[in-house]
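These notes are about the structure you will find just below.
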Amino acid sequence: MKKTNRVGIMGGTFDPIHYGHLVTAEAARINFGLDEVVFIPTGNPPHKKDYNVTPAEDRYLMTVLAINNNPYFKVSRIEIERPGYTYTVDTLKQLGEEYGPGTSLFFISGADAVFDILTWKDVDEVLNYCTFIAATRPRYPVKKLEEKLKEIKELYGKEVIPLQVPGMDISSTDIRNRVNKGLSIRYLLPEEVRKYIDKSGLYR
Ligand code: ATP
Ligand code: MG
């Protein structure tokens with residue numbers, strides 16, 4: 001009998017992808033015994049209207065460069081190719097159909113995303129389609145995260161599972177700001193991605 005496939009989904013804008021994303025995905029892979037982790041760069045994120053998000057093709061390519069040396073990591077164009085706004089619920093539905101009933105999906109997110117989850121489209125459906133993992137992230141207190149998980153449990157009867165990951169106080173926003181100011185971004189993200197940013201002139 002074929003065992004159930006366990007697939008992690010790491011959604012993000014990845015503008016750019018950095019070691020915080022990679023370490024979180026790897027910790028989830030190990031802790032939840034995942035067969036693979038699929039990175040899914042967003043197409044046109046509805047909640048990020050406050051700055052001009054980098055073209056999806058650049059964000060996709062940087063993600064490909066970043067995960068290249070991990071045989072368990074993949075990148076999907078599913079959200080990039082879907083017209084209109086991106087919603088996690090639609091992605092989970094589509095992936096559930098593509099992988100079929102023998103697959104369990106694990107959605108990997110950082111603590112900050114969990115604080116927003118109650119504002120997401122069709123939260124209850126999202127929680128039904130996957131096991132939702134909440135990774136710790138520096139600056140987002142564990143106590144508050146635990147309270148949030150309790151609230152979600154009371155509202156939807158679903159467990160969001162906390163995951164302790166090595167703290168990386170790195171954000172894409174900070175990396176963009178650093179590039180813009182001409183500061184070094186070495187060691188915050190894979191060297192290949194740093195070179196891509198340098199050559200393409202992104203964030204300057
Ligand atoms: P931005 O500053 O543009 O919001 P970001 O660094 O938060 O970028 P996103 O692409 O928004 O990166 O994040 C994608 C997912 O990765 C989210 O679930 C987020 O919580 C998680 N994540 C990002 N950085 C970290 C980190 N340093 N540690 C743990 N999780 C992280
Ligand atoms: Mg973010």
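We count ligands from 1, going down the list as the structure has it; atoms in each ligand are counted the same way. Residues: numbered from 1 along the sequence shown.
Asn128 and Tyr156 share no side-chain donor-acceptor pair at under 3.5 Å. In the model, Asn68 has no side-chain atom that pairs as donor or acceptor with a side-chain atom of Glu192 under 3.5 Å. Inspection of the Thr24 and Arg137 side chains reveals no N or O donor paired with an N or O acceptor under 3.5 Å.
With a 4.0 Å cut-off on non-hydrogen atoms, Ser171 touches ligand 1 through its backbone as well as its side chain.
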(request) Any chance you could lay out the salt bridge (charged side-chain N to carboxylate O under 4.0 Å, His left out) test for Glu151 and Lys148, step after step, and finish with the verdict? (result) CA-CA 5 Å; Glu151 189 188 340; Lys148 197 73 194 176; 3.4 Å; yes
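Atoms of ligand 1 lying under 4.0 Å from any heavy atom of Gly12, numbered from 1 in the order shown and given with element: 10 (O), 14 (C). Interface of Gly20 with ligand 1, defined as ligand atoms under 4.0 Å from a residue heavy atom, comprises 26 (C), 27 (N). Taking every non-hydrogen atom of Gly11 and a distance limit under 4.0 Å, the qualifying atoms of ligand 1 come out as 14 (C), 15 (C). Against a heavy-atom cut-off of under 4.0 Å, Phe14 is close to the following atoms of ligand 1: 10 (O). Remark: ligand 1 atoms within the under-4.0 Å shell around heavy atoms of Thr24 are 28 (N), 29 (C), 30 (N). Heavy-atom proximity to Ala113, at under 4.0 Å, picks out these atoms of ligand 1: 18 (O). Taking every non-hydrogen atom of Ser109 and a distance limit under 4.0 Å, the qualifying atoms of ligand 1 come out as 18 (O). Under a 4.0 Å criterion applied to the non-hydrogen atoms of Asp112, ligand 1 contributes the atoms 19 (C), 20 (O).
The closest side-chain heavy-atom distance from Leu34 to Ile108 is below 4.5 Å. When side chains are defined from C-beta on, Ser172 does not count as touching Thr13, because their heavy atoms never get closer than 4.5 Å.
Judged purely by atom type and a 3.5 angstrom limit, Asp35 has no side-chain atom pairing as donor or acceptor with the backbone of Val7. Judged purely by atom type and a 3.5 angstrom limit, Thr136 uses its side chain to pair as donor or acceptor with the backbone of Val165.
Heavy-atom distances between Thr136 and ligand 1 reach below 4.0 Å in at least one pair.
The distance criterion of under 3.5 Å between nitrogen or oxygen atoms is not met by Pro138 with respect to ligand 1. Ligand 1 has an N or O atom lying under 3.5 Å from an N or O atom of Met168, backbone or side chain.
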